[in-house]
Number of protein chains: 2
Amino acid sequence: MTNKEPPNYQRIVDDLRSRILSGELAPGHKLPTEKELQQRWGFSTTIVKHALTLLRSEGLIEGRRGSGNYVRDRTQLVRRAHSRDMRKRLGSTSPFARDSEAAGRQPSWESESKKIPATPHVAGRLGIRPGDSVMHTKYRYLADGDPIQLADSYEPLAVTGGTQVEYPEQGPVIGVVARMDFIGVAIDRFVEEVTTRPAMPEEITALELDPRSGRWVIAIERTYYAGPTAVETADIVFPGDRYRLVYEMPIDPWPPSKEAETP
Amino acid sequence: MTNKEPPNYQRIVDDLRSRILSGELAPGHKLPTEKELQQRWGFSTTIVKHALTLLRSEGLIEGRRGSGNYVRDRTQLVRRAHSRDMRKRLGSTSPFARDSEAAGRQPSWESESKKIPATPHVAGRLGIRPGDSVMHTKYRYLADGDPIQLADSYEPLAVTGGTQVEYPEQGPVIGVVARMDFIGVAIDRFVEEVTTRPAMPEEITALELDPRSGRWVIAIERTYYAGPTAVETADIVFPGDRYRLVYEMPIDPWPPSKEAETP
DNA sequence: TAGTGGTCTAGACCACAAT
DNA sequence: TTGTGGTCTAGACCACTAC
């Protein structure tokens, strides 16, 4: 007994999707018009439109009224996370700026900082009490003027309050690790939790996403620690198909080393 | 001048999506029937069906014929990646098994190993010549019997050929780091590149995804290095909304230490 | 002006669940 | 048997592009 046949709209979707993902239909390529697809497959207009809607919802194509459907550009920015020592580079630029410039795009960002009492959720992540004061900074990052990343950062004022780096964007140093080092707090690790989910309406607005295409985001919860103490936590959001996250992780960097242990 | 109004189907989508993501409509909750939505909003059947199709394509709901539409369970498995020393745990279980058991689910897997000539793409990642022999192992991982992860692993036979760990699943040790250590190859880092994209048809089949819901995957390209030499590379694929990736990264773990550098 | 995609109508018919 | 969602028809009308 054979499997049941897929529905007609699914056959169009599968055909075009595999040709797009394989590269046969390159970004920018114009798809056949709806009428052509209708005639080629022998399906009704509605079914062809439905198939194209699904491909748009997957972010693989974009429709342009009066013109046609086109294979979407899925060029990705690279975001690097690694162990390298960044403490000595006082005044160095931010990780976002470095990644953007590496991709040949002009970085810029907007930010807004405010002291607020910690919500229970943020307090849990920072290991402080709900209501304790934290510095909340909202960021919106742009590459060549296009919004490409959002972040909400929270820092306990028990750590930074009253110091020169209390306001993240006003101090003499940029970047969490460098700023904390500046006030004598040695960050020794961070934890990132990566998930994907549909974009929320505010994110669609802030990232200027097409409501019909590419509505998925990558969400990261990041927390920096100095020993057992959390000194910053942030929620970071990217357009899901516009970013590639790179983690370069050392293995077994700590003593006891193999030589020290083995006779 | 105000913004143009969103289309009718979008209003339904936005309403239900925000209520689902906020938790007001919990996983398992039954949505109003199509007829009820039609009456409540005053739209045609087609427009209500279209809105529900989009929510399904986002993986937020699943339709059950003859029953109703339900908020989808988005419980996530956790996959951990960190720097801990795993070399000494000979015979230890695999990372996948550890993560699954931590989530209270029963791990199992299928694998199949074969010697093949390296494709140009794999050769590039391993820093060897196309055509050089590699061990290709296909994995399918299951939790409580449900397929939950796919992997294609490639190891240069120049490294493992003729040793006891040549066939990954037949040696005395499990896991890349432990196996390489067993033959005297000290892995000191790995790199993971994380992206998201729509699932390809074979992946939908192998992961038993609903073609109508949750068609997104997280794809990881991972490469292990011993010094400058790549000793394994793998393509790993997860259902996008079923996994949470956790990276725990040390900062500045290598000499020269701060003390060594600063007078 | 002609052609294209985006939204929408008013249904029909089928597969399946609940009863 | 009734109610539900899934697939599909045969269009209409609008917004916009390309010419």
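Every chain is numbered from 1 and lettered A, B, ... according to where its sequence line falls, protein lines coming before strand lines. The figures that follow rest on heavy atoms only: side chains count, while hydrogens, waters and symmetry mates do not.
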Can you confirm whether the side chains of B/Glu192 and B/Tyr247 place a donor and an acceptor under 3.5 Å from each other? yes
C/dG3 OP1/OP2 closer than 4.0 Å to side-chain N/O of A/Arg65: no
Using a heavy-atom cut-off of 4.0 Å across all strands, would you classify A/Thr46 as base, sugar-phosphate, or nothing? base
Please work out if A/Thr53 contacts a base, only the sugar-phosphate, or nothing of the nucleic acid, heavy-atom cut-off 4.0 Å. nothing
Looking only at C/dT9, D/dG5, D/dT17, the nucleotide nearest the B/Asn69 side chain is D/dG5
So, OP1 or OP2 of C/dA15: does either fall under 4.0 Å of a side-chain N or O from B/Arg64? no
In whole angstroms, how far is the C1' atom of C/dC8 from the CD1 atom of B/Ile12? 12 Å
Is B/Asn8 near enough to C/dT7 that one of its side-chain N or O atoms lies under 4.0 angstrom from OP1 or OP2? no
Please work out which of the three classes, parallel, tilted or perpendicular, describes the rings of A/His136 and A/Tyr154, given edges at 30° and 60°. parallel
I need the CG-P distance between B/Leu52 and D/dT4, as an integer number of Å. 13 Å
Between B/Phe43 (CZ) and C/dG11 (P), how many Å, whole number? 18 Å
Listed nucleotide nearest any side-chain atom of B/Ser67, set C/dA17, D/dA10, D/dT4: C/dA17
Which one, C/dT7, D/dT4, C/dG5, comes nearest to the side chain of B/Thr33? D/dT4
When you get a sec, tell me which of D/dA10, D/dC8, D/dG6 is the closest nucleotide to the side chain of B/Lys49? D/dG6
Looking at B/Ser44, I'd like to know whether one of its side-chain N or O atoms comes within less than 4.0 Å of OP1 or OP2 on C/dT9. yes
For C/dT7, does OP1 or OP2 lie under 4.0 Å from any side-chain N or O of B/Tyr9? yes
Can you see if the side chain of A/Arg212 gets near the phosphate of C/dG5 - specifically, an N or O under 4.0 Å from OP1 or OP2? no
Euclidean distance, atom CG of residue B/Leu37 to atom P of D/dG6 [Å, nearest integer]: 13 Å
Find which nucleotide of DNA chain D each of A/Tyr70 and A/Ile47 is nearest to by heavy atoms, and output the residue with the more 5' nucleotide. A/Ile47
Just how far, in rounded Å, is P of D/dC8 from CD of A/Glu5? 10 Å
For B/Tyr243 and B/Phe238, take the angle between the two ring planes, folded into 0 to 90°, and tell me which bin it lands in: parallel under 30, tilted 30 to 60, perpendicular over 60. tilted
Using the rule side-chain hydrogen bond (donor to acceptor under 3.5 Å, both in side chains), only one of B/Gln76, B/Arg244, B/Arg80 pairs with A/Glu193; which is it? B/Arg244
note: A/His50, atom NE2; D/dG11, atom P; distance rounded to Å ~ 20 Å
With A/Arg79 as the cation and A/Phe96 as the aromatic partner, state whether NZ or CZ is under 6.0 Å from the six-membered ring centre and within 45° of the axis. no
Using whole Å, report how far NZ of A/Lys35 lies from P of D/dA10. 15 Å
Expressed in angstrom and rounded to an integer, what is the separation of A/Glu36 atom CD from C/dT4 atom P? 7 Å
Salt-bridge criterion met for A/Asp14 and A/Arg11 (N-O under 4.0 Å): no
